[in-house]
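Reviewing the structure listed below.
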Amino acid sequence: MGSIAVCPGSFDPLTFGHLDIIKRGAKVFDQIYVCVLNNSSKQPLFTVDERCDLIREVTKDMPNVVVESYKGLLIDYAREKKAQAILRGLRAVSDFEYEMQITSMNRVLDDEIETLFMMTNNQYSFLSSSIVKEVAKYKGNIGELVPPAVEKALIKKFTN
């Protein structure tokens, strides 16, 4: 059995920062499951299905990347996929405290599944889905922030 990792997130929408982590993770692991989760503390712009479809479109040339959604605990999804690791991207030190809490809880739930942190490329360290949505909402240029399919979907969302 090859190495398997789960790369979770809300991906609302997928940014080049997210894609950076997915691409680099796909070079390290034999299989990456991009797990789209619904963050109950946020009001999403895109449905879970729309987010999955966009990520599938953007990652279609990565044969070892599978995109799925999941309702429930991430650790249960990771177990189902027989993952050895959860892959999380970090932009800055400010992400670390939140990620440490999630990682600590996941270790309590299953200490066999490791969480690995990967620093995003410096050019994306400022980038968040929230910032992208705000810029897109006011018709700013997001072409350098998101893949073309995501840019098109954002423009459509804010045109209607």
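Closest heavy-atom contact between S128 and R91: CB-NH1, 2.9 Å. The minimum heavy-atom distance linking I113 with A83 is given by the pair CG1-O, 3.7 Å. Contact detail for L154 and F46: the closest heavy-atom pair is CD2-CE1, 3.7 Å. For C35 against Y70, the heavy-atom pair with the smallest separation is SG-CB, 3.6 Å. What you find for A78 and V6 is that their closest heavy atoms are CA-CG2, 4.0 Å. For R56 against D53, the heavy-atom pair with the smallest separation is NH1-OD1, 3.1 Å.
The OG1 atom of T15 sits 10.0 Å away from atom CD1 of I131, with the distance rounded to the nearest 0.5 Å. In this structure, CG on L45 lies 10.5 Å from OG on S130, to the nearest 0.5 angstrom. Residue K81 holds its NZ atom at 5.0 Å from OH of Y33, rounded to the nearest 0.5 Å. Atoms CD1 and CE, from I21 and M119 in turn, are 8.5 Å apart once rounded to the nearest 0.5 Å. A distance of 12.5 Å separates CG in L37 from CG in D12, rounded to the nearest 0.5 Å. Interatomic distance, CZ of R88 versus CD1 of I86, reported as 8.5 Å (0.5 Å rounding).
Sparse packing is recorded around NZ of K23, with 12 or fewer heavy atoms of other residues, nucleotides or ligands lying under 6.0 Å away. Within a 6.0 Å radius of NZ in K139, other residues, nucleotides and ligands contribute more than 12 heavy atoms.
Counting only heavy atoms from C-beta outward, the side chains of N106 and L109 approach each other to under 4.5 Å. You'll find the side chain of V36 reaches within 4.5 Å of the side chain of V67, heavy atoms only. In this structure, the side chains of V34 and T59 stay at 4.5 Å or more apart for every pair of heavy atoms. For the pair M105 and I102, the minimum side-chain heavy-atom distance is 4.5 Å or more. In this structure, the side chains of H18 and P13 stay at 4.5 Å or more apart for every pair of heavy atoms. For the pair M62 and L19, the minimum side-chain heavy-atom distance is below 4.5 Å.
Following chains of ILVMFWY side-chain contacts shorter than 4.5 Å, one cannot reach L145 starting from Y138, and the two form parts of different hydrophobic clusters.
Distance alone, capped at 3.5 Å, places no donor-acceptor pair between the R51 side chain and the L14 backbone. Of the possible donor and acceptor atoms, one in the side chain of Q84 sits under 3.5 Å from a partner among the backbone N and O of I4. Of the possible polar contacts, one joining the D20 side chain to the N121 backbone as a donor-acceptor pair under 3.5 Å is found. Looking at T103, its side chain never comes within 3.5 Å of a backbone N or O of M100 through a donor-acceptor pair. Proximity of a side-chain donor or acceptor of S129 to a complementary backbone N or O of F11 within less than 3.5 Å is not detected.
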query: Does the pair E80 and E68 meet the rule for a side-chain contact (heavy atoms from CB on, under 4.5 Å), with working shown?
result: CA-CA 12 Å; E80 283 179 22; E68 297 180 336; over 6 Å; no

message: With side-chain contact (heavy atoms from CB on, under 4.5 Å) as the criterion, how do V132 and L127 come out once you've worked through the C-alpha distance, each side chain's angles and the decisive distance to 0.1 Å?
response: CA-CA 7 Å; V132 167; L127 194 52; 3.6 Å; yes

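At a threshold of 4.0 Å, the pair K152-E57 does not count as salt-bridged, since none of the basic side-chain nitrogens sits closer than that to a carboxylate oxygen.
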